[in-house]
Amino acid sequence: MKIISSELEQIAAIISQYPDSNLKEVAFAGRSNVGKSSFINAFINRKNLARTSSKPGKTRTVNFYKINNSFRLVDLPGYGYAQVSKSEKEKWGVIIETYLSNRENLCEVILIVDIRHAPSKEDVMMYNWLLEYGFSGYVIATKADKISKGQWNKHLKVVRETLGIKDMNLVIPFSSDSKANLETVHNKIEEILSCE
Ligand code: GTP
Ligand code: MG
């Protein structure tokens, strides 16, 4: 896939702020600080269009990025950040759930995990929920630059086993820093966008 243009189209906290459902969307879910916003930047080859931070809890709204004027990537708030209050957590939970369960033009939700660590209890919950909702269960195991390539398979096995994944092809190792497997991910999203 060639990226010709990318823009932040809309930031939304409630449904009435969502853009028109005329374009297909692919969304990214995962723990706070796992690298969802960085993934979007790497995907579109922009350094800072999606705001990132070394501190968890940077993205707090549903952010819609319009790519090539033809589809959207959707950045979601992260979950599992211990340092936020219960009421704040509930608010983000509602924001994530409202988007995921009310979007007819949403082709896939991809779970992003950290390749170095076994997925958390919340990752497992989110993943099972995505499968129940009929999504395919793609996982991007990011921050792969933080371990040597020789270690990837061992870590990918832990990711698959923790999430109960049998199909090896569902989990893609990736790095937003080194851009490892960027082409694989471009091809995968192109394939996903042929959804009905
Ligand atoms: P929230 O918005 O809080 O949910 O976080 P997020 O999932 O959007 O994470 P973000 O993209 O802001 O990245 C968090 C931190 O991880 C930042 O310091 C990034 O630079 C770093 N990071 C993200 N992806 C990678 C990667 O592939 N490799 C390395 N080395 N660092 C990464
Ligand atoms: Mg973010």
Side-chain angles (χ1 to χ4, degrees), residues 12-15 18 25-40 43 50 52-64 72-144 146-147 152-174 176 185 188-189 192 195:
I14 51 174
I15 292 190
Y18 294 175
E25 291 172 357
V26 180
F28 301 91
R31 294 171 75 181
S32 237
N33 213 39
V34 73
K36 298 174 295 300
S37 302
S38 302
F39 170 83
I40 289 179
F43 187 91
T52 65
S53 167
S54 57
K55 289 201 209 103
K58 182 69 180 171
T59 312
R60 297 171 178 223
T61 45
V62 183
N63 297 352
F64 296 85
R72 297 189 188 104
L73 298 183
V74 181
D75 195 5
L76 296 169
Y79 48 78
Y81 175 34
Q83 259 68 50
V84 298
S85 67
K86 197 164 165 242
S87 67
E88 191 80 349
K89 267 187 197 160
E90 278 166 8
K91 204 168 83 190
W92 296 356
V94 169
I95 288 177
I96 297 169
E97 207 180 311
T98 303
Y99 172 75
L100 293 179
S101 49
N102 286 290
R103 210 55 184 157
E104 76 220 10
N105 54 327
L106 178 56
C107 290
E108 284 291 351
V109 183
I110 298 178
L111 183 72
I112 301 200
V113 299
D114 187 323
I115 195 169
R116 297 170 297 170
H117 310 300
S120 68
K121 245 199 232 153
E122 281 169 301
D123 288 328
V124 175
M125 268 174 59
M126 174 57 85
Y127 194 69
N128 289 336
W129 188 92
L130 293 176
L131 294 180
E132 265 167 46
Y133 259 71
F135 296 110
S136 303
Y138 292 113
V139 177
I140 288 171
T142 195
K143 304 197 181 179
K146 298 227 184 205
I147 54 174
W152 285 9
N153 278 336
K154 187 180 89 186
H155 286 262
L156 291 172
K157 186 161 179 269
V158 173
V159 170
R160 285 198 308 272
E161 284 177 357
T162 310
L163 295 174
I165 298 174
K166 301 237 157 52
D167 179 355
M168 306 253 301
N169 297 317
L170 284 174
V171 186
I172 305 172
F174 183 79
S176 297
V185 161
K188 179 54 69 186
I189 289 192
I192 287 171
C195 73

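What you see is a predicted model, and the numbers here were worked out from it, not measured in a lab. This chain uses plain numbering: 1 for the first residue, then up along the sequence.
- Taken to the nearest 0.5 Å, the CD1 atom of Ile14 stands 10.0 Å off from the OG1 atom of Thr98.
- How far CZ of Phe174 is from NZ of Lys188: 14.5 Å, rounded to the nearest 0.5 Å.
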Q) When you look at Ile189 and Glu108, which way does the side-chain contact (heavy atoms from CB on, under 4.5 Å) test go after all the steps? A) CA-CA 9 Å; Ile189 289 192; Glu108 284 291 351; over 6 Å; no
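- Of all the heavy atoms in Tyr127 and Gly137, the pair that sits closest is OH-O, 2.5 Å.
- Minimum heavy-atom separation, Leu100 to Trp129: CB-CH2, 3.5 Å.
- Nearest heavy-atom pair across Tyr99 and Ala27 is CE2-CB, 3.7 Å.
- By the 4.5 Å heavy-atom criterion applied to side chains, Leu76 and Trp92 are not counted as neighbours.
- Closest heavy-atom contact between Ile115 and Ala144: CG2-CA, 3.7 Å.
- Here CZ of Arg116 is found 9.5 Å from OG1 of Thr142. Values are rounded to the nearest 0.5 Å.
- Taking all atoms of both residues into account, the shortest heavy-atom contact from Thr61 to Pro77 is O-CD, 3.5 Å.
- Atom CD of residue Glu97 and atom CE of residue Met126 lie 8.5 Å apart, to the nearest 0.5 angstrom.
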Identify every side-chain donor-acceptor pair in residues 161-168 under 3.5 Å, counting partners at least two apart or on other chains, and give the distances.
residue, atom, partner, partner atom, Å
Glu161, OE2, Lys157, NZ, 3.3
Thr162, OG1, Val158, O, 2.6
Asp167, OD1, Asn169, N, 2.9

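- Using a 3.5 Å distance cut-off with no hydrogens or angles, the side chains of Tyr18 and Glu25 do not pair a donor with an acceptor.
- Looking at Asp123 and Tyr79, their side chains do bring a donor and an acceptor atom within 3.5 Å of each other.
- Under the 4.5 Å side-chain criterion, counting only non-hydrogen atoms from C-beta, Leu111 is not in contact with Ile140.
- To the nearest 0.5 angstrom, His155 atom NE2 is 13.0 Å from Arg160 atom CZ.
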Which pairs of donor and acceptor atoms, one on a side chain in residues 30-40, lie under 3.5 Å apart (sequence neighbours left out)?
residue, atom, partner, partner atom, Å
Ser32, OG, Gly57, N, 3.1
Lys36, NZ, Gly30, O, 3.3
Lys36, NZ, Arg31, O, 2.8
Ser37, OG, Thr59, OG1, 3.0
Ser37, OG, Asp75, OD2, 2.5

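- For the atom pair CD1 (Ile112) and OG (Ser176), the distance works out to 7.5 Å, reported to the nearest 0.5 Å.
- Other residues, nucleotides and ligands contribute more than 12 heavy atoms inside 6.0 Å of the NZ atom of Lys89.
- Using a 4.5 Å heavy-atom cutoff, the side chains of Leu156 and Val171 are in contact.
- Contact of the Val74 side chain with the Asn63 side chain is not registered, since no non-hydrogen atoms from C-beta on lie closer than 4.5 Å.
- Under the 4.5 Å side-chain criterion, counting only non-hydrogen atoms from C-beta, Phe135 is not in contact with Ile110.
- Smallest separation of non-hydrogen atoms from Phe28 and Leu73: CE1-CD2, 3.9 Å.
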